[in-house]
Amino acid sequence: MFVLLLTMLERLGIIVTIAFILTRFRFFRAMIYERKLKKKQQYIAILFFGFFGIIGTYSGVTFNADSLDFNRWASGLTHDEAIANSRVIGVVIAGLLGGYRVGIGAGLIAGIHRFTLGGFTAAACGLATILAGVIAGAFHKEHRQIKLTNAFFIGAGAEMVQMIIILFLADPFLKALNLVEMIGIPMIFANGIGSALFLLVIKNVVSEEEKAGALQAQVTLRIANKTIPFLRKGLNGESAEAVCSILMEEMNASAVSITNQERILAHIGSGMDHHCPDEPIQTQITRQVLETGEMIVAKDKSIDCVKKDCPLNAAVIAPLKQRGKTAGTLKIYFQSEKEINNISIELISGLSSLLSNQLEMAEADHAFQLAKEAEIKALQAQIHPHFLFNTMNTIVSLIRVDADKARKLLVSFSNFIRQNLHGTTETTTTIGNELDHVKAYLSIVETRFVDKIEIDYEIDETALTVEIPPLTLQPLVENACQHGFRDKQEQWSLEISVRSVSDGTIVGVKDNGYGIEEKVLDRMGQELMASASGSGLALYNINRRLSIMYGPRSALKIQSKVGAGTMVSFFIPSREEG
């Protein structure tokens, strides 16, 4: 009995080998991760585990119930012979991992095969093999991992059931009893250990791969966080050198290099004496990656460096892509080909995709910034005629009344126009400059409406250097004068305020004019509105620019009451906030 146990445990090495091979199959990985198998995968699993059960039968030991002799390997059986085997292991694992269908299917294949081999236990062993699939399937739990102790007891229990069935079905009974006495305990113990060992091998292999994948993911995430600030600038010498330095810190490589389509942008590590930045690409294999857009693992001879004693004997060269086209290459060098394994290849492939995506994002961000600046310029350009025509009309009117005043205003207006034209080339100016614009405009208004307008400035001097979009404040003042004071006979009152707060600056224009009707108040600054007095273009454009540059918190806030006047204000966040 002890010799039989040792022989069966010895042959469990076959089980370990098969378990390792199984981890290479996709259908088996789906079973390990508790995902539901598709029909095709179920059929593959049934065939594989059924064949596994057949191997367990053939790797068993034949036993003669009359002579009590053992043969080392199972072959053809006489009527007096049976097999001490590990067939149950494959069927039990099939049921535990795949459920009833896979367990019973594998049990049918292995059981029918056992029946065809003959022997006085053929029917009992064939039936017991099918029942093993049923028993194991009953313990299959979706979304729950199988414990090794459970695998041991289920494997041992299935073999125990087989021993009981042999006692009931095998004929003659005395031969069956002798058989069970000799092989029962070794088979129960060996198949229990085999089931647990099979599962242990699988879990260890998968666990090691998961650990390697997790470490790879951690490295990739660290690299992503470190490289994003540099690649926002696009692919150039400065950003490439920074990325190469980061990759050298994170990877066990001899050197790291990045090229564009024509030249080496950066090279860090061994070979820096001849792989120099700003020099043309030296190797044909790099040009091949640029042409094909496919990653290449380069060996000693295929690198073909221009320097014969170059210390870089192996490399993984991956493409860097933008908009679907290869814009450059990422080259990770190693001292020998032995240092390149599947994990490093997968990591470099992932890094290539990561860096390509970051370059795509940098390009998209740059395009967005250009579009935003273009929109700001377009909005500014729309305001210029609005201010120009109204001011020119005022000056024309003054020429008829007082030529001296008109000349003074023309001088002021020319200075204003000069500043205004300068503003069209900038995206920001200061509140101080905007106030100069406002004062130039109001000097024209005061000249035209002598003693009719009262202007009050409440200015926090510390806020004069705060930056805001050009032509933001003046159109608000112009709106107050032209629309708020329209047809108003009483004294005009205009208050311009600049107030510093904890997180920014609030700029406001308040008038005592006609006010805005409630039905249109919510639409002001949000959309263009055709009316007899105007289209709301100035407010709309200002609101758009403030929102684009500083966010929704800086949008115009308009408070108004018919007959009482209007207050228009906006918020400029401090640099720390913005």
Side-chain angles (χ1 to χ4, degrees), residues 216 219-220 222-224 226-322 325-359 362-363:
Q216 181 177 325
V219 171
T220 304
R222 278 202 308 271
I223 291 172
K226 291 181 179 180
T227 55
I228 281 176
F230 300 102
L231 289 179
R232 281 178 179 168
K233 303 173 184 176
L235 189 60
N236 54 48
E238 182 182 352
S239 62
E241 183 178 1
V243 171
C244 286
S245 298
I246 292 167
L247 293 179
M248 277 293 292
E249 291 178 6
E250 294 290 346
M251 300 185 65
N252 185 26
S254 297
V256 180
S257 180
I258 291 179
T259 75
N260 58 18
Q261 292 179 321
E262 299 175 352
R263 313 184 78 80
I264 300 170
L265 294 177
H267 183 98
I268 303 293
S270 300
M272 292 179 66
D273 57 329
H274 59 284
H275 291 276
C276 301
D278 229 17
E279 288 191 357
I281 292 172
Q282 300 179 8
T283 59
Q284 181 58 38
I285 198 165
T286 302
R287 297 188 186 95
Q288 185 179 339
V289 173
L290 289 168
E291 291 172 3
T292 63
E294 300 292 333
M295 186 172 71
I296 294 179
V297 179
K299 302 177 183 178
D300 186 8
K301 293 182 180 179
S302 60
I303 288 181
D304 193 25
C305 183
V306 293
K307 191 173 183 180
K308 298 302 181 182
D309 59 345
C310 180
L312 304 172
N313 298 318
V316 179
I317 306 174
L320 297 176
K321 297 186 177 182
Q322 285 181 277
K325 296 181 179 180
T326 305
T329 63
L330 168 67
K331 301 195 286 186
I332 311 295
Y333 289 96
F334 300 89
Q335 289 185 347
S336 70
E337 186 184 351
K338 293 180 180 179
E339 297 181 32
I340 303 175
N341 53 41
N342 290 334
I343 293 177
S344 61
I345 291 174
E346 285 294 325
L347 176 58
I348 294 167
S349 176
L351 288 176
S352 169
S353 299
L354 170 69
L355 298 179
S356 295
N357 288 335
Q358 288 183 345
L359 289 173
E363 187 176 41

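What you see is a predicted model; the values in this text were computed from it and never measured. Numbers for residues simply follow the sequence, beginning at 1.
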For this session: Answer with yes or no whether the side chains of Lys331 and Thr259 bring together a donor and an acceptor at under 3.5 Å.
Result: no
Problem set entry | Value rounded to 0.5 Å, distance of CD1 in Ile332 from CD1 in Ile345 | 12.5 Å
Exercise. Between Gly237 and Ala266, what is the shortest heavy-atom contact and its length?
Worked result: O-CB, 4.5 Å
Problem set entry | Validation row: Met251, Leu351 side chains within 4.5 angstrom (heavy atoms) | yes
Problem set entry | Non-hydrogen side-chain atoms of Ile258 and Thr329 separated by less than 4.5 Å | no
For this session: Please report the shortest heavy-atom distance between Ala255 and Ser270, naming the atom on each side.
Result: CB-O, 3.5 Å
Exercise. Between Met295 and Val289, is any pair of side-chain heavy atoms under 4.5 Å apart?
Worked result: no
Exercise. Rounded to the nearest 0.5 Å, what separation is found between the OH atom of Tyr333 and the OG atom of Ser257?
Worked result: 5.0 Å
For this session: Carefully, step by step, assess Cys276 and Glu279 under the rule side-chain contact (heavy atoms from CB on, under 4.5 Å).
Result: CA-CA 6 Å; Cys276 301; Glu279 288 191 357; 3.7 Å; yes
For this session: Output the distance between atom CD (Glu249) and atom CD1 (Ile268), rounded to the nearest 0.5 Å.
Result: 10.5 Å
Exercise. OG/Ser352 to CG/Leu330 distance, rounded to the nearest 0.5 angstrom?
Worked result: 6.5 Å
For this session: Check whether any side-chain N or O of Thr326 sits under 3.5 Å from a backbone N or O of Glu291 as a donor-acceptor pair, and report yes or no.
Result: no
Problem set entry | Ring geometry between His267 and His275 (parallel below 30°, tilted from 30 to 60°, perpendicular above 60°) | parallel
For this session: Measure the CG-CG distance between Leu320 and Asn260 for me, rounded to the nearest 0.5 Å.
Result: 10.5 Å
For this session: Using a cut-off of 6.0 Å, state whether more than 12 heavy atoms not belonging to Glu241 lie near its atom CD.
Result: no
Exercise. Out of curiosity, Leu247 CG to Ile348 CD1, how far, rounded to the nearest 0.5 Å?
Worked result: 9.5 Å
Exercise. Where do Asp278 and Arg263 land on the side-chain contact (heavy atoms from CB on, under 4.5 Å) test, with the steps shown first?
Worked result: CA-CA 6 Å; Asp278 229 17; Arg263 313 184 78 80; 3.9 Å; yes
Exercise. With a 4.5 Å limit on heavy-atom distance, are the side chains of Leu265 and Pro277 in contact?
Worked result: no
